[in-house]
Amino acid sequence: EDKVVQSPLSLVVHEGDTVTLNCSYEVTNFRSLLWYKQEKKAPTFLFMLTSSGIEKKSGRLSSILDKKELFSILNITATQTGDSAVYLCAVESKAAGNKLTFGGGTRVLVKP
Amino acid sequence: NAGVMQNPRHLVRRRGQEARLRCSPMKGHSHVYWYRQLPEEGLKFMVYLQKENIIDESGMPKERFSAEFPKEGPSILRIQQVVRGDSAAYFCASSPSWEGTIYFGEGSWLTVV
């Protein structure tokens, strides 16, 4: 059974801090790993990672995948209060169509 | 191009009643997925459907839950004889193909009282 574990469960930081979120996974026939941001509504797509060692970047957010060690990290630099959300990691298996297996999420609270 | 549309957005049901959640996929998408998110938990896959076919229902509870995606009209997730533990957010997602990018709807929040 595919499995995704995220850590930490939650964290509180102050504006301007940098946060690093972790995602480890076990999946049969890995296709991709995805990061989403969820703010009390639908998950908003952030990144899709398929290759090891290639950093994806979008503004203050970046993510990288290590397919050998089976984990990914999501970094947020110069955090703002608007970054407060639950960040979800999900993996997709080639064997399962588009079925995603999600981790439990990391709740990030950015204080002014 | 409208996104994935779900309704109702919020639904309150008494224990024992039926809940019907609807999902209209994005235009051109023929693959629909339902996920459930219990309070303070991540999303859990329930079922994957194409038009008139259930492809994968490995995440569906064995009883009281059913899903369909008819040739015409939205996909429907039906929960019979709801219990308090069914209270959750139910998200629908769609994609143009089994490999395409998945887009999520805004979710339907079911509260069972």
Practice problem: Answer with yes or no whether the hydrophobic clustering places B:Tyr33 together with A:Leu34; edges join I, L, V, M, F, W, Y residues whose side-chain heavy atoms lie under 4.5 Å apart. | Solution: yes
Quiz item: In Å and rounded to the nearest 0.5 Å, what is the NZ to CZ distance from A:Lys41 to B:Arg9?
Solution: 9.0 Å
Quiz item: Where along residues 84-95 of chain B does a heavy atom come under 4.5 Å of chain A, listed by residue number?
Solution: B:Phe91, B:Ser95
Quiz item: Are A:Val86 and A:Tyr25 linked, directly or through other ILVMFWY residues, by side chains that come within less than 4.5 angstrom of each other?
Solution: no
Quiz item: So what's closer than 4.5 Å to chain B heavy atoms on A:Gln38: side chain, backbone, both or neither?
Solution: side chain
Self-check item: Closest non-hydrogen atom pair, B:Ser58 against A:Lys99
Solution: OG-NZ, 3.2 Å
Self-check item: Contact class of B:Ser97 relative to chain A, heavy atoms under 4.5 angstrom
Solution: backbone
Exercise. Could you have a look at A:Gly105, A:Pro43, A:Gly103 and say which one has the most heavy-atom pairs with chain B under 4.5 angstrom?
Key: A:Pro43
Practice problem: Mark yes when over 12 heavy atoms from residues, nucleotides or ligands other than A:Arg107 sit less than 6.0 Å from its CZ; otherwise mark no. | Solution: no
Exercise. Let me see the working for B:Phe45 and A:Phe102 under ring pair (Phe, Tyr, Trp, His ring centres under 6.0 Å), right down to the final yes or no.
Key: CA-CA 8 Å; B:Phe45 169 80; A:Phe102 281 85; over 10 Å; no
Quiz prompt | Residue B:Glu41 versus chain A: region with a heavy atom under 4.5 Å | solution = backbone
Quiz item: For A:Thr101 and B:Lys44, does a side-chain donor sit closer than 3.5 Å to a side-chain acceptor?
Solution: no
Self-check item: Cluster check B:Val32, B:Ile79: I/L/V/M/F/W/Y, side chain < 4.5 angstrom
Solution: yes
Quiz item: Checking B:Gln37 against chain A: side chain, backbone, both or neither under 4.5 Å from a heavy atom?
Solution: side chain
Quiz prompt | B:Ile102 side chain near A:Phe45 side chain, heavy-atom distance below 4.5 Å | solution = no
Quiz prompt | Common cluster, A:Leu61/A:Leu33, ILVMFWY with side-chain heavy-atom separation under 4.5 Å | solution = yes
Quiz item: Within a reach of under 6.0 Å around NZ of A:Lys57, are more than 12 heavy atoms found that belong to other residues, nucleotides or ligands?
Solution: yes
Quiz item: Do the side chains of B:Phe104 and B:Trp109 join up, straight or via other hydrophobic residues, at under 4.5 Å, putting them in one cluster?
Solution: yes
Quiz item: With a cut-off of 6.0 Å (strictly less than), are more than 12 heavy atoms of other residues, nucleotides or ligands near CD of A:Glu55?
Solution: yes
Exercise. Please report the shortest heavy-atom distance between A:Ala42 and B:Gly105, naming the atom on each side.
Key: CB-O, 2.7 Å
Quiz item: Is it the backbone or the side chain of B:Tyr103 that comes under 4.5 Å from a heavy atom of chain A, or both, or neither?
Solution: neither
